[in-house]
There are 4 protein chains.
Amino acid sequence: MTGDRRPGRPRSEATRRAILAAAIDELTERGYAQLSVEGIAARAGAGKQTIYRWWPSKADVVLDAMLDEAASLIAVPDEGSLAADLAGFLVDTFRQRGQRPVLVGLMAEALLDPVFAVQFRDRFLFGRRDALRTVLARAADRGEIAADVDPEMLLDIVFGVLWYRLLLDHAPLDEEAGRQLATLVVRAAR
Amino acid sequence: MTGDRRPGRPRSEATRRAILAAAIDELTERGYAQLSVEGIAARAGAGKQTIYRWWPSKADVVLDAMLDEAASLIAVPDEGSLAADLAGFLVDTFRQRGQRPVLVGLMAEALLDPVFAVQFRDRFLFGRRDALRTVLARAADRGEIAADVDPEMLLDIVFGVLWYRLLLDHAPLDEEAGRQLATLVVRAAR
Amino acid sequence: MTGDRRPGRPRSEATRRAILAAAIDELTERGYAQLSVEGIAARAGAGKQTIYRWWPSKADVVLDAMLDEAASLIAVPDEGSLAADLAGFLVDTFRQRGQRPVLVGLMAEALLDPVFAVQFRDRFLFGRRDALRTVLARAADRGEIAADVDPEMLLDIVFGVLWYRLLLDHAPLDEEAGRQLATLVVRAAR
Amino acid sequence: MTGDRRPGRPRSEATRRAILAAAIDELTERGYAQLSVEGIAARAGAGKQTIYRWWPSKADVVLDAMLDEAASLIAVPDEGSLAADLAGFLVDTFRQRGQRPVLVGLMAEALLDPVFAVQFRDRFLFGRRDALRTVLARAADRGEIAADVDPEMLLDIVFGVLWYRLLLDHAPLDEEAGRQLATLVVRAAR
DNA sequence: AGATAAACGAGACGGTACGTCACGTCTTAGG
DNA sequence: CCTAAGACGTGACGTACCGTCTCGTTTATCT
């Protein structure tokens with residue numbers, strides 16, 4: 001019953017989507033380093049100002065695009081044991097490896113722009129982190145995690161390895177790696 | 001018997017040092033995002049061409065500057081137990097936290113420029129990694145690492161957490177954290 | 001018998017006046033070069049479309065504003081001699097010197113936009129010119145103008161000097177100048 | 001000898017000429033209103049920055065171009081009588097009528113930009129004015145100008161008519177007009 | 001009274017050009 | 001041959017306005 005419309009022409013949903021799609025396309029085709037607001041606008045058939053009106057930087061466009069398509073892709077597994085849950089989470093996450101260029105670009109931007117870094121952390125990274133934190137909490141309830149173990153450090157181990165391999169690309173990020181890491185984390189927790 | 005002097009004016013060591021120093025100064029004062037070849041040259045009282053003649057990109061300048069001052073700072077501890085060695089290594093490493101802006105900048109560049117990424121890995125990251133690998137090898141000899149554990153994954157856990165916290169700055173990177181991580185890694189290894 | 005009222009909401013006279021006033025205000029405060037349709041609309045509390053609905057360009061708004069307030073300010077002096085009439089006309093005209101920024105702006109626009117130039121000539125310049133032509137015609141009847149003198153050239157001399165000084169601002173445009181010019185024109189006519 | 005070369009790469013004369021030529025070409029082809037720095041740069045095969053490095057505005061480029069080709073085109077006639085000299089000067093000046101678009105554009109810019117107005121006056125307009133002033137001074141020596149006549153007003157009459165017709169384009173600016181105006185000015189002077 | 005219709009404010013839209021910044025290359029003179 | 005200086009072509013930045021296009025709302029006339 002709201003009907004609280006602001007005056008003036010409403011934002012064009014079609015344009016919004018065209019911009020997000022163009023951003024992803026440009027990024028995967030030419031890489032984050034070559035990504036430009038001008039390029040996105042041109043490919044989307046939009047004016048530059050339309051982008052600047054709604055997003056503070058090109059990285060925010062990309063982040064929005066990611067979140068738009070990956071919405072609620074974060075499953076919280078619950079299979080009864082930490083080992084199974086961890087392996088499930090990691091295998092599931094590693095499966096999305098195709099997004100590497102996007103993720104690497106976003107991280108690069110976050111490293112260069114502190115303002116964007118906050119967005120990146122809060123809207124993207126912490127979402128996944130919260131999911132895994134739930135898994136750990138359940139494991140703790142089942143007594144699978146020793147009292148003297150800080151769950152946050154366990155989270156950092158999981159995501160640390162994940163991002164380290166993602167960024168450096170020096171070692172595989174596949175199912176085998178997921179199972180290996182899960183085993184080690186379970187042992188470390190006790 | 002003088003040796004292989006090439007003809008023409010020799011490279012100026014003073015200028016080389018001035019450029020490296022200017023790069024570090026600019027970076028710490030204004031941040032990596034604001035770093036420019038032009039700025040480095042101006043501050044060093046050098047010509048831009050002089051920089052381009054010797055380094056392919058500004059990131060290489062910064063990397064050289066890092067390596068120049070951090071030369072052989074990587075100690076390989078050997079105190080008789082994995083726990084002690086790991087804790088020593090981590091505490092030692094975490095102590096250099098003041099270099100965060102530099103490290104973050106280099107990583108950002110590596111993410112954006114694949115050519116530089118190779119330099120960064122080979123000349124910087126893998127140096128530390130080799131040091132720690134030695135530590136792990138010794139621990140394996142002492143039977144502190146189970147046979148089914150891939151030491152490379154242990155390395156990734158250590159450096160993963162390290163870089164993850166360094167890049168995200170969401171949790172401390174202090175002695176306490178070092179000891180905590182060391183404990184968990186030891187447990188994971190067996 | 002009211003007449004041909006079209007259906008729909010009638011044009012708002014209040015808005016019309018607000019726009020004209022805003023245009024003059026903006027112009028005198030910030031100069032013609034800084035004048036923008038957006039600025040006029042904002043100051044008038046009007047929508048841009050309302051301006052574009054009624055005027056083809058911002059210059060037309062300014063011209064309308066000028067004509068609105070200067071309506072029938074053109075007196076046709078008739079004092080019995082060309083010298084007196086001319087001096088009267090010039091002194092009278094020069095007295096409006098405060099409008100210099102407006103006039104200069106309109107001329108600039110006319111030079112850049114041929115469509116507006118026609119409006120400017122027909123609705124503004126030629127009005128004054130007709131007034132002076134009447135004066136000259138009377139003088140011719142009195143025999144004050146030689147047969148071989150083209151009155152149009154005399155008009156161009158008067159308005160030429162007027163606009164030249166107005167545009168260049170290199171010499172005064174005061175009563176003294178008005179009398180001087182009148183004297184010379186009388187002599188030139190015979 | 002001097003040899004006072006500044007260090008660094010010297011300004012490119014070829015580029016300078018290409019820019020001036022491109023400016024004139026763009027102007028005559030598309031008109032002053034459509035003239036853009038970007039267009040000039042593109043046509044000249046130059047970077048925008050190169051234009052901004054040497055000229056404060058596009059109008060200054062055009063002014064330079066004008067002066068470059070019209071250098072010392074201002075002849076000072078000396079035929080023994082004011083009538084002959086004036087007619088000569090005017091006919092000569094009117095002959096360059098092809099430059100109308102350029103002159104009109106420069107004047108428009110001068111009206112909009114006070115900084116450029118100074119350049120325009122001092123470097124262009126006052127050159128012609130000085131030439132004619134010399135002619136009048138000689139006429140005064142010969143007694144052709146009454147003592148009570150201000151020569152500056154005579155100058156304004158000549159240039160006023162010239163520019164008035166040039167800008168408004170409502171009456172011819174040909175030889176016949178030149179002779180007519182000359183006759184009137186001679187009579188006005190006495 | 002209700003329907004119709006134009007004008008209005010607001011403001012989003014696709015564009016064009018602005019003037020600036022830094023890039024990496026080049027062209028000088030001089031050590 | 002190296003260096004400092006600095007001009008060059010290039011390309012992207014973020015901004016300002018342009019003139020057009022929806023919106024919901026207001027204000028009149030015409031059933």
Side-chain angles (χ1 to χ4, degrees), chain A residues 3-12 14-16 18 34-39 41-42 44-54 56-58, chain B residues 5-12 14-16 34-39 41-42 44-54 56-58, chain C residues 2 4-12 14-16 34-42 44-54 56-58, chain D residues 3-12 14-16 34-39 41-42 44-54 56-58:
Chain A
D4 59 339
R5 222 40 140 81
R6 301 219 323 311
R9 180 175 176 175
R11 178 173 183 181
S12 158
T15 293
R16 187 186 139 269
Q34 312 304 328
L35 195 64
S36 74
V37 174
E38 240 151 36
K48 266 200 292 180
Q49 198 61 251
T50 301
I51 295 182
Y52 284 112
R53 196 173 356 252
W54 302 108
S57 79
K58 64 188 176 190
Chain B
R5 199 65 116 87
R6 306 216 315 305
R9 181 173 174 175
R11 178 173 184 184
S12 157
T15 293
R16 189 186 138 269
Q34 314 304 329
L35 195 64
S36 72
V37 173
E38 240 144 35
K48 270 201 293 178
Q49 196 58 250
T50 303
I51 295 182
Y52 283 111
R53 198 178 341 263
W54 302 107
S57 82
K58 65 188 176 188
Chain C
T2 52
D4 55 345
R5 200 64 114 93
R6 304 212 324 301
R9 180 175 176 175
R11 176 173 186 181
S12 157
T15 293
R16 188 187 139 269
Q34 314 305 328
L35 195 64
S36 73
V37 174
E38 239 147 37
I40 296 172
K48 272 201 294 180
Q49 195 60 253
T50 303
I51 294 182
Y52 283 110
R53 188 164 13 242
W54 303 108
S57 81
K58 66 187 177 189
Chain D
D4 59 338
R5 223 31 143 88
R6 300 220 322 312
R9 180 174 176 175
R11 177 173 185 179
S12 158
T15 294
R16 187 187 139 268
Q34 312 305 329
L35 195 63
S36 75
V37 174
E38 239 149 37
K48 268 201 291 180
Q49 198 61 252
T50 301
I51 294 181
Y52 284 112
R53 197 178 351 257
W54 302 108
S57 79
K58 64 186 176 192

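Letters A, B, ... mirror the listed sequences (proteins, then strands); counts begin at 1.
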| query | Who pairs with A/R9 by side chain to side chain contact (heavy atoms under 4.5 Å, CB included), at least two apart in sequence or on another chain? | reply | none
| request: List in chain and number order the residues that pass side-chain hydrogen bond (donor to acceptor under 3.5 Å, both in side chains) with D/S57, two or more places apart in sequence or in another chain; answer none if no residue qualifies. | output: D/D60
| task | Any chance you could list the contact pattern along nucleotides 6-16 of chain F? Use B for base contacts, S for sugar-phosphate-only contacts and - for none, protein heavy atoms under 4.0 Å, 5' to 3'. | result | BBBSB-BBBBB
| message | Test of understanding: with side chain to side chain contact (heavy atoms under 4.5 Å, CB included), list the residues that count as partners of B/S36, not counting sequence neighbours. | response | B/E38
| request: Using side chain to side chain contact (heavy atoms under 4.5 Å, CB included) as the criterion, list what pairs up with C/Q49, not counting sequence neighbours. | output: C/Y52, C/R53
| query | What residues form a side chain to side chain contact (heavy atoms under 4.5 Å, CB included) with C/A44, not counting sequence neighbours? | reply | C/A18, C/I19, C/A22, C/A46
